[in-house]
Amino acid sequence: MANAITVILLFIIGIYCILVSHNLIRVLIGLEILIKAVTLLVIFCGYQTQNTALAQALVITIIVIEVVMMTVAAGVVVGIHRQNNSLDARNIRKLKG
Amino acid sequence: MYALLVLVPFFSLLALNLPFRELNRRLAFGFAAILFLLQMGLVFIPDVYFWRVHLSFFANIFHFQLAADILSKVVLFCIGLVSLTALCVSRSLIKESEERFNFINIILLAVAGMNGVALAQDIFSLYVFLEITAVSSFILIAFEKDILGLESSFKYIVLSAVATVLMIAGIAILMFIAGSTNFSVIHSALLSQNRNLLLSLSIGLFLSALFIKAGLMPFHGWLPDAYTAAPAPVSIFLAGIVTKVAGVYCLIRIILSVIGFNDQLKGILLLVGAFSAIFGALSALTQSDFKRMLSYSSISQIGYIILGLGSGTALGVAGATLHIFNHAVFKSLLFVNSAAVESQTGSRDIDKMNGLAKQMPWTSLTSILGSLSCAGIPPLAGFWSKLVIIIALWLAGYKIYAVIAVLGSLLTLAYFLALQRKLFFAQPNDEFKNIKEAGFGLIFPAFFLAALIVGAGILSPWILSNFILGFNSLVGG
């Protein structure tokens with residue numbers, strides 16, 4: 001039960017972080033927290049079903065992919081900073097969605 | 001041999017970046033073109049010669065579970081076709097050879113990822129290949145490192161990461177229920193269970209993740225920005241195939257092989273599909289940017305595919321798959337046309353440009369064919385897939401949705417006629433008197449795709465009769 005509460009708590013923190021912060025780096029940190037939450041969920045589900053070998057393989061792959069994604073995301077943030085001299089999300093609203 | 005479709009692009013990417021970079025840079029274009037042509041050709045080879053040959057050497061090293069059915073083969077063909085188009089267009093639009101080499105490298109990576117998605121037989125490999133595709137498209141969108149590209153790439157990264165998180169949560173819960181990640185094992189575990197809260201939660205998580213990836217209407221925020229801000233060859237690649245494979249194909253695959261249809265699921269799919277089809281078309285009506293209009297049109301056409309899937313019958317799924325193919329062809333064609341117009345006039349604003357038909361006759365002709373196919377005018381290819389989707393909806397008893405699909409088609413015709421009238425047929429503008437037709441590098445792919453639209457349209461009765469037979473076994477009655 002404590003595990004499930006931790007996962008849900010991390011999930012809420014991550015979503016809150018993405019929604020509230022204006023700094024692009026903070027948005028990335030929020031994404032990291034979200035991914036950590038689901039990684040914990042995978043470990044928890046593997047532990048509950050006595051399927052730890054599968055869960056381990058999945059978790060290691062998730063971590064690797066997460067690193068690749070965050071590297072690209074950080075590169076994009078560096079690019080935005082070079083062009084704009086600012087990391088504030090309010091300054092880069094040139095596109096209207 | 002399935003593994004080769006993933007491994008060959010991947011290892012050629014590695015080989016291209018080993019020593020002899022000068023030589024590699026010159027060879028890269030031809031090599032990639034041959035690879036994509038081979039992939040298109042392989043789809044037509046009978047199963048025994050290529051698809052069923054088992055290589056124990058690869059199977060021992062790489063533990064992917066891969067398989068191909070008719071749905072995967074259609075998608076593999078589209079991947080080859082659209083990548084080839086993007087490659088041809090990049091030759092005339094990305095001038096610097098170093099940049100073009102980088103572009104080809106990332107395209108190869110994305111193709112390896114998408115082939116993996118098309119062949120995966122287990123939800124976790126599906127996730128891994130999806131991420132490979134997604135990461136390479138982040139880089140492609142920000143390829144020119146201008147602020148618009150970077151901004152839209154960041155938007156896509158955030159939404160795609162949220163989609164990933166939802167998807168892994170769905171995978172974790174399915175693993176909790178079934179104890180495995182294999183499609184068939186999960187499917188049989190789900191059949192033996194009653195519908196409970198946990199199962200509905202995981203299905204909901206999966207659906208919302210894939211709706212974000214496909215850019216369906218409530219989750220579409222990133223899609224018009226990404227398509228508009230990306231360089232022209234990348235727009236072709238993204239609009240033609242990446243979102244189709246990452247969102248729509250995965251949705252069809254997960255529903256057919258893992259979850260199975262039920263009434264609530266069909267209800268959700270029909271609602272989201274109809275909403276996207278209508279509101280995508282309405283938003284496209286108000287756009288004045290050529291590429292932005294095409295992006296909203298993409299959302300609307302994805303809505304059609306989801307409507308076909310939502311009917312829940314073999315006929316509907318066949319129509320949806322045929323529409324994936326048709327959409328890949330006509331949307332790539334229209335993006336090639338937009339690239340030609342942009343490269344010649346330096347602008348994408350439809351309101352500013354008038355009467356280009358005289359100066360750019362071939363671009364005008366091919367874009368008319370593409371627009372009419374998209375709007376579903378017989379005998380072009382787009383008509384047949386829309387017809388199959390509408391008939392499937394009607395036969396399945398969703399008559400209201402069939403009517404909505406017809407109305408959406410009229411809206412599609414409306415915005416494309418407005419586009420054609422302003423861009424090509426109005427009184428010529430003095431400012432654009434000296435425009436010339438685009439070069440061979442942009443006209444040849446446009447002609448090839450236009451010929452494919454007409455050819456597939458005329459051959460459609462034959463394609464349909466061979467096609468729908470293949471789908472009866474897939475949906476299970």
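Residue numbers start from 1 in every chain, and the chains themselves are labelled A, B, ... in the order their sequence lines are given, proteins ahead of strands.
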Under 4.5 Å from any heavy atom of chain A, what part of B:Ser160 do you find: side chain, backbone, both or neither?
neither
What closest approach, in Å, do [X] and [Y] show between heavy atoms, and which atom pair accounts for it?
X        : Y        : answer
A:Gln83  : B:Asp146 : NE2-CA, 4.3 Å
A:Ala73  : B:Ile157 : CA-CD1, 3.7 Å
B:Val158 : A:Ile18  : CG1-CG2, 4.3 Å
B:Ser180 : A:Asn51  : N-ND2, 4.5 Å
B:Ser153 : A:Val76  : OG-CG2, 3.7 Å
B:Ala172 : A:Cys45  : O-SG, 3.4 Å

Heavy-atom distances under 4.5 Å only: say whether [X] touches chain B with side chain, backbone, both or neither.
X       : value
A:Val42 : both
A:Ile62 : both
A:Leu41 : both
A:Phe11 : side chain

A:Phe44 atom CZ, neighbour heavy-atom count above 12 within 6.0 Å
yes
Could you check which of B:Val162, B:Leu150, B:Ile171 has the highest count of heavy-atom pairs closer than 4.5 Å to chain A?
B:Leu150
Distance (rounded to the nearest 0.5 Å) between A:Glu66 CD and B:Ile168 CD1
8.5 Å
Sequence neighbours excluded - ring-ring contact (aromatic ring centres under 6.0 Å, His included) pairs with any residue from residues 151-173 of chain B:
B:Phe138-B:Tyr156, B:Tyr156-B:Trp222
Would you mind reporting whether B:Tyr127 and A:Ile65 have side-chain heavy atoms less than 4.5 Å apart?
yes
Are any non-hydrogen side-chain atoms of A:Leu58 and B:Thr181 less than 4.5 angstrom apart?
yes
Does A:Ile43 have any side chain to side chain contact (heavy atoms under 4.5 Å, CB included) partners at least two apart in sequence or in another chain, and if so, which?
A:Val59
Which of these, B:Leu166, B:Thr164, B:Val165, sits in a side chain to side chain contact (heavy atoms under 4.5 Å, CB included) with A:Leu34?
B:Val165
Quick one: of A:Leu24, A:Val68, A:Val7, who has the most non-hydrogen atom pairs under 4.5 Å with chain B?
A:Leu24
